[in-house]
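Notes follow the structure.
Within every chain, numbering begins at 1; the chains are lettered A, B, ... in the order of the sequence lines, protein sequences first and strands thereafter.
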Protein chains: 2
Amino acid sequence: MKRTTIKDVAERAGVSTAAVSYVLNGREHKVSGDTLAKIQEAISELNYIPDYSARSLASKRSSLIGVVIPQTEDQKRLLLENPFYSDLICGIESELRQHGYHMLISGVDKGQSYLDLTMQRNLDGAVIMGIYQESFYDELKKVDIPIVLIDSYINDDHFKKIRIDDELGGYLATRHLIENGHVNIGLVTGMIRKDGVVEKRYLGYKRALQEANLFYDHDLVFEGQVSYEYGLEAGKQIAARGGGMTAAFVTSDMMAFGVINGLRQQGLQVPDDISVIGFDDISLAGIFHPNLTTVHQDIKARGIAAAKHLIEVLDGKENLDQGVTLQPISVIERETVRRMNEGKGV
Amino acid sequence: MKRTTIKDVAERAGVSTAAVSYVLNGREHKVSGDTLAKIQEAISELNYIPDYSARSLASKRSSLIGVVIPQTEDQKRLLLENPFYSDLICGIESELRQHGYHMLISGVDKGQSYLDLTMQRNLDGAVIMGIYQESFYDELKKVDIPIVLIDSYINDDHFKKIRIDDELGGYLATRHLIENGHVNIGLVTGMIRKDGVVEKRYLGYKRALQEANLFYDHDLVFEGQVSYEYGLEAGKQIAARGGGMTAAFVTSDMMAFGVINGLRQQGLQVPDDISVIGFDDISLAGIFHPNLTTVHQDIKARGIAAAKHLIEVLDGKENLDQGVTLQPISVIERETVRRMNEGKGV
DNA sequence: TTGTAGGCGTTATCAT
DNA sequence: ATGATAACGCCTACAA
């Protein structure tokens with residue numbers, strides 16, 4: 001069957017397409033109450049559904065927001081298996097849909113620019129998660145749409161950044177360990193890259209140690225992939241090494257699960273033998289056994305904040321704040337950190 | 001700056017827009033090698049990026065695939081926090097992107113039809129997860145695009161169904177328990193609705209019991225929401241009730257985690273006091289402690305299969321198989337089922 | 001093989 | 001307040 005168009009509606013209502021277009025786009029005030037009524041009636045009678053492709057072509061607005069998610073190493077799949085990202089997506093989608101926007105999720109292949117997709121689909125805005133090469137951001141700047149960066153320390157006012165104070169997080173986590181009487185504190189972390197989230201957490205770790213006059217021992221830092229698998233590996237290594245390490249700050253919850261399981265595979269229990277504190281507070285943290293003590297951040301709120309920002313800019317309400325929004329964090333005490341300063345030696 | 005259009009490319013190459021359009025759409029054979037070369041050169045020199053909105057308007061094809069994900073009870077957020085769905089999405093996206101399609105993820109509000117979005121965006125196809133009212137599917141049939149239903153027992157050749165044999169899964173799970181010497185076997189499950197996934201698993205459970213001449217005791221079935229929270233609740237209830245139940249078949253891994261933790265909160269250990277077998281084999285099953293014995297299905301493969309089917313239909317390769325594709329399942333033995341028939345009473 | 005031109009459904013400008 | 005009508009960028013008969 002043929003599609004019902006704005007023209008059909010106009011005819012049925014006995015008005016021009018322009019009038020219909022007005023009421024469709026919330027400019028009812030440009031139309032008399034009489035015609036408004038007729039148009040609305042025609043719309044519902046004909047069950048008219050606008051064609052966004054045509055709208056986008058004519059207006060350059062698509063009501064589409066692009067969301068970029070990091071990929072697995074092999075560039076094949078989205079890192080959506082990491083609950084961190086799915087939580088973020090949840091927040092974004094819910095906010096967008098309530099405001100009439102849709103969400104186009106994709107990964108972006110290495111070395112490729114996101115410009116293509118942006119142009120192809122006339123994206124109205126984008127949320128970028130993960131960290132990319134500088135050239136990627138340069139490309140992004142060529143297109144004139146609002147963009148929110150999640151977890152990025154890029155210093156560029158072209159983008160809005162929404163993140164947490166990762167250095168503080170690392171500091172709080174480590175201090176929590178210290179306050180519980182730990183002295184030999186290890187670090188399990190992803191690759192420490194300049195200006196990356198991981199580096200900040202690492203710096204926080206060092207600051208806490210320093211503040212407590214503890215020696216920073218490079219042998220206690222395990223640097224690898226941000227994944228459950230590497231955590232497992234690190235856990236085994238820690239167990240194998242033996243020695244005095246009594247606690248570890250692990251820079252992501254998924255890794256922390258790996259560490260705990262790795263230790264367990266080697267016969268060490270958390271927190272009895274070694275304490276562990278994670279980072280992110282993904283929903284599993286309270287499900288995993290033992291419940292993971294970790295640095296909490298409200299992930300879904302990040303997603304919502306990102307979407308809200310885009311919507312505000314697109315609605316013309318906000319055009320200024322292209323700075324950084326920091327979201328609050330805090331240590332959540334659960335079951336994986338043992339208090340050392342009350343008897344019962346290791 | 002002004003957008004580079006197909007016209008610009010045509011001028012630059014000294015040919016007509018039709019020729020350019022041909023090579024853009026893989027009909028190079030309609031063009032001489034000479035012009036082809038000129039066109040390709042012009043495209044890359046001008047850095048031409050086609051406008052999908054215009055393309056969609058003119059051709060009625062959008063290269064967009066809609067993916068519908070169930071929502072939370074309050075209709076506010078996607079059920080993406082359930083790893084089952086994020087895994088599925090991973091599979092779908094990876095396959096789609098490799099074939100030049102993009103993915104539009106959304107939930108669909110209760111009572112609302114998906115027709116709107118389909119029309120608005122000129123979707124080329126859709127993947128529907130979850131179970132909806134019949135009217136929802138009726139709506140869907142009005143639009144003439146290929147649609148894949150995940151986990152649906154709808155009997156309608158208008159749709160392609162990709163799922164597993166849930167009845168068999170329930171049977172295998174329960175039989176596994178029986179083979180390990182369990183006799184009083186409980187069931188923790190979502191709401192048992194006619195023709196739903198959950199009902200099939202429930203029927204498999206009953207069949208296994210019957211086959212083993214075991215009594216089906218309705219008091220041993222705990223029916224609630226498919227969620228970690230309800231699992232927790234059920235676990236507590238099971239512990240509180242005491243009695244002879246030595247094992248439970250839980251119809252989803254996330255629920256199983258809840259059951260295990262609920263039992264634990266009441267001082268019961270899995271599998272020492274009670275055995276548990278789950279369903280789905282989400283990636284967490286091997287991370288959770290104790291590692292969850294469960295019915296394995298390759299979730300990512302489902303997503304890929306769904307996407308593959310759509311692509312094939314859209315490419316005109318396949319137009320026939322609108323039946324059901326069943327994917328293999330099997331019991332994965334891990335640590336949550338105890339063998340009863342070798343000493344050591346409960 | 002190549003080019004012309006009408007049309008896709010909407011927006012928005014410009015008269016009326 | 002309302003109505004023609006020219007874009008928007010692309011596809012695709014149809015003609016050459």
Side-chain angles (χ1 to χ4, degrees), chain A residues 1-40 42-43 46-64 100 116 118-124, chain B residues 1-40 42-43 46-64 100 116 118-124:
Chain A
M1 70 188 175
K2 198 152 164 359
R3 182 179 189 116
T4 304
T5 75
I6 200 174
K7 210 181 237 168
D8 301 327
V9 175
E11 279 177 15
R12 170 75 156 237
V15 299
S16 77
T17 62
V20 179
S21 182
Y22 283 143
V23 339
L24 247 36
N25 294 291
R27 258 162 298 196
E28 287 94 340
H29 59 274
K30 303 203 71 173
V31 152
S32 76
D34 189 37
T35 45
L36 175 58
K38 281 191 295 185
I39 291 173
Q40 283 171 335
I43 287 179
L46 294 177
N47 214 292
Y48 168 71
I49 297 172
D51 183 327
Y52 279 42
S53 301
R55 175 178 292 182
S56 163
L57 178 58
S59 71
K60 298 294 154 217
R61 280 177 289 100
S62 61
S63 301
L64 262 187
D116 297 17
T118 311
M119 299 281 286
Q120 284 172 185
R121 300 283 183 192
N122 286 118
L123 298 185
D124 285 350
Chain B
M1 68 186 175
K2 200 153 162 359
R3 179 177 193 119
T4 305
T5 75
I6 200 174
K7 207 181 238 167
D8 301 328
V9 176
E11 280 177 15
R12 170 72 157 240
V15 299
S16 77
T17 61
V20 179
S21 180
Y22 285 145
V23 341
L24 246 36
N25 294 292
R27 256 161 294 182
E28 288 95 339
H29 60 273
K30 304 202 67 171
V31 153
S32 76
D34 188 37
T35 44
L36 175 58
K38 281 191 295 185
I39 290 172
Q40 284 172 334
I43 287 179
L46 294 177
N47 214 291
Y48 168 70
I49 297 172
D51 183 326
Y52 279 42
S53 301
R55 175 179 291 184
S56 162
L57 180 57
S59 71
K60 297 296 155 213
R61 280 178 290 100
S62 60
S63 301
L64 261 187
D116 297 18
T118 311
M119 300 281 287
Q120 283 171 188
R121 300 283 183 193
N122 286 118
L123 298 185
D124 286 350

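- B:Arg61 has no side-chain polar atom (N or O) that falls below the 4.0 Å cut-off from OP1 or OP2 of D:dC11.
- Side-chain N or O atoms of A:Arg3 include one that pairs as donor or acceptor with a backbone N or O of B:Met119 at under 3.5 Å.
- Going from atom CG of B:Asp8 over to atom P of D:dG9 covers 9 Å, rounded to whole Å.
- Per the geometry, CD belonging to B:Glu28 stands 16 Å off C1' belonging to C:dT2, to the nearest Å.
- B:Leu57 has its CG atom 11 Å from the P atom of D:dC11, to the nearest Å.
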Which side-chain N or O atoms in residues 5-14 of chain A pair as donor and acceptor under 3.5 Å with protein atoms at least two apart or in another chain?
{"residue": "A:Thr5", "atom": "OG1", "partner": "A:Lys7", "partner atom": "N", "Å": "3.0"}
{"residue": "A:Thr5", "atom": "OG1", "partner": "A:Asp8", "partner atom": "N", "Å": "3.4"}
{"residue": "A:Asp8", "atom": "OD2", "partner": "A:Thr5", "partner atom": "N", "Å": "2.8"}
{"residue": "A:Arg12", "atom": "NE", "partner": "A:Glu45", "partner atom": "OE1", "Å": "2.9"}
{"residue": "A:Arg12", "atom": "NH2", "partner": "A:Glu45", "partner atom": "OE1", "Å": "2.5"}

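- The distance from atom NZ of A:Lys7 to atom P of C:dT10 is 10 Å, rounded to the nearest whole Å.
- Among the nucleotides C:dT11, D:dC10, C:dG9, the one closest to any side-chain atom of A:Arg3 is C:dG9.
- For the pair B:Thr118 and A:Ile49, the minimum side-chain heavy-atom distance is 4.5 Å or more.
- A rotation axis mapping the C1' atoms of four pairs onto the next four is fitted at both ends of the helix from C:dT1-D:dA16 to C:dT16-D:dA1 over five pairs, and the angle between these axes is 40° to 10 degrees.
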Check nucleotides 2-4 of chain D against the protein and report each pair of N or O atoms closer than 3.5 Å, with its distance, or say if there are none.
{"residue": "D:dT2", "atom": "OP1", "partner": "A:Ser32", "partner atom": "OG", "Å": "3.0"}
{"residue": "D:dT2", "atom": "OP2", "partner": "A:Ser32", "partner atom": "N", "Å": "2.8"}
{"residue": "D:dT2", "atom": "OP2", "partner": "A:Ser32", "partner atom": "OG", "Å": "3.3"}
{"residue": "D:dT2", "atom": "OP2", "partner": "A:Thr35", "partner atom": "OG1", "Å": "2.9"}
{"residue": "D:dG3", "atom": "OP2", "partner": "A:Ser16", "partner atom": "N", "Å": "2.8"}

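- Between B:Leu24 and B:Tyr48, the closest side-chain pair of non-hydrogen atoms falls below 4.5 Å.
- In this structure, the CZ atom of A:Arg27 is 12 Å from the C1' atom of C:dT13, given to the nearest Å.
- Here the side chain of B:Arg27 pairs no donor or acceptor atom with the backbone of B:Ser21 at under 3.5 angstrom.
- Separating the CG atom of A:Asp51 from the P atom of C:dC8 is a distance of 12 Å, rounded to the nearest angstrom.
- Proximity of A:Lys38 to the phosphate of D:dA1: no side-chain N or O atom is located under 4.0 Å from OP1 or OP2.
- A 4.5 Å side-chain heavy-atom check between B:Asp51 and A:Lys60 finds at least one atom pair inside the cut-off.
- Using a 4.0 Å heavy-atom distance criterion, A:Thr5 is classed as a sugar-phosphate-only contact.
- Residue A:Ser21 places at least one side-chain N or O closer than 4.0 Å to OP1 or OP2 of C:dT11.
- A sub-4.0 Å separation between OP1 or OP2 of D:dC8 and a side-chain N or O of B:Tyr52 is absent.
- Atoms NZ (A:Lys60) and C1' (D:dC10) sit 11 Å apart, rounded to a whole Å.
- With hydrogens and angles ignored, the 3.5 Å screen pairs no side-chain donor or acceptor of A:Arg55 with any backbone N or O of B:Gln120.
- In this structure, B:Arg55 places its CZ atom 21 Å from P of C:dT10, rounding to the nearest Å.
- Counting only heavy atoms from C-beta outward, the side chains of A:Leu64 and A:Asn122 never approach each other to under 4.5 Å.
- Rounding to the nearest 0.5 angstrom, the gap separating the NE2 atom in A:His29 from the CG atom in A:Leu36 is 12.0 Å.
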